[in-house]
Amino acid sequence: MALAPGMTGTPMLDVHRPDGLTDGEWAAAKAEFGRQGIDALRRMATPEEMASAALGLASPDFAFQTGSVVLVDGGQLAGIWPGTGI
């Protein structure tokens, strides 16, 4: 089993923070990036949502599922990008 995450608001993303932005400005920029349609849900995932997906896959409820890649990307790879016509 593999988990394929979409854009997630983690500290790893923060290494791309432009110089000179305050914490509040950076938070607003990330929120706006999500609203601009990085995926169908119009927001970034939280680390907790990724952890929840991983725990779900590790549960006995998925014991018979093998060799699968589970997309947890809010619809990004489904081609559901608002305003693009895709």
Side-chain angles (χ1 to χ4, degrees):
M1 297 287 288
L3 185 72
M7 182 67 76
T8 306
T10 66
M12 184 184 291
L13 181 65
D14 291 337
V15 300
H16 300 288
R17 178 180 176 163
D19 292 334
L21 288 185
T22 66
D23 290 344
E25 290 168 334
W26 180 233
K30 290 190 292 185
E32 182 60 26
F33 185 64
R35 282 190 294 276
Q36 291 299 317
I38 60 166
D39 58 42
L41 298 180
R42 296 178 139 328
R43 64 177 179 80
M44 288 185 202
T46 65
E48 294 79 14
E49 288 171 316
M50 290 301 147
S52 179
L55 288 172
L57 293 176
S59 79
D61 294 336
F62 282 84
F64 202 70
Q65 187 169 358
T66 63
S68 299
V69 176
V70 178
L71 300 176
V72 184
D73 67 355
Q76 185 176 10
L77 290 181
I80 307 171
W81 289 315
T84 64
I86 297 174

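All values below were derived from every heavy atom in this structure, side-chain atoms included, with hydrogens, water molecules and symmetry-related copies excluded.
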Engineer: After noting the C-alpha distance and the side-chain angles of Val70 and Met1, does the key distance pass the side-chain contact (heavy atoms from CB on, under 4.5 Å) rule?
Structural biologist: CA-CA 8 Å; Val70 178; Met1 297 287 288; 4.1 Å; yes
Engineer: Please list, chain by chain and in numerical order, all residues satisfying side chain to side chain contact (heavy atoms under 4.5 Å, CB included) with Ser52, sequence neighbours excluded.
Structural biologist: none
Engineer: Could you walk me through whether Met7 and Leu13 pass side-chain contact (heavy atoms from CB on, under 4.5 Å), step by step?
Structural biologist: CA-CA 9 Å; Met7 182 67 76; Leu13 181 65; 3.9 Å; yes
Engineer: Could you tell me which non-hydrogen atom of Leu3 sits nearest to which non-hydrogen atom of Ala53, and how far apart they are?
Structural biologist: CD1-CB, 3.8 Å
Engineer: Please round to the nearest 0.5 Å and tell me the distance separating atom CZ of Arg17 and atom CG of Asp23.
Structural biologist: 4.5 Å
Engineer: With Val15, which residues qualify under side chain to side chain contact (heavy atoms under 4.5 Å, CB included), at least two apart?
Structural biologist: none
Engineer: Donor-acceptor pairs are to be reported for all side-chain atoms of residues 56-68 against protein atoms at under 3.5 Å, with residues two or more places apart or in another chain.
Structural biologist:
from  : atom 1 : to    : atom 2 : distance (Å)
Ser59 : OG     : Gly56 : O      : 2.8
Ser59 : OG     : Asp61 : N      : 3.3
Gln65 : NE2    : Ser68 : OG     : 3.3
Ser68 : OG     : Thr66 : O      : 3.3

Engineer: Evaluate Thr10 against Met44 for side-chain contact (heavy atoms from CB on, under 4.5 Å), listing each step before the verdict.
Structural biologist: CA-CA 10 Å; Thr10 66; Met44 288 185 202; over 6 Å; no
Engineer: State, to 0.1 Å, how close Pro5 and Asp73 come at their nearest heavy-atom pair, and which atoms those are.
Structural biologist: C-CB, 4.5 Å
Engineer: State the CE-CG distance between Met50 and Leu55, to the nearest 0.5 angstrom.
Structural biologist: 13.0 Å
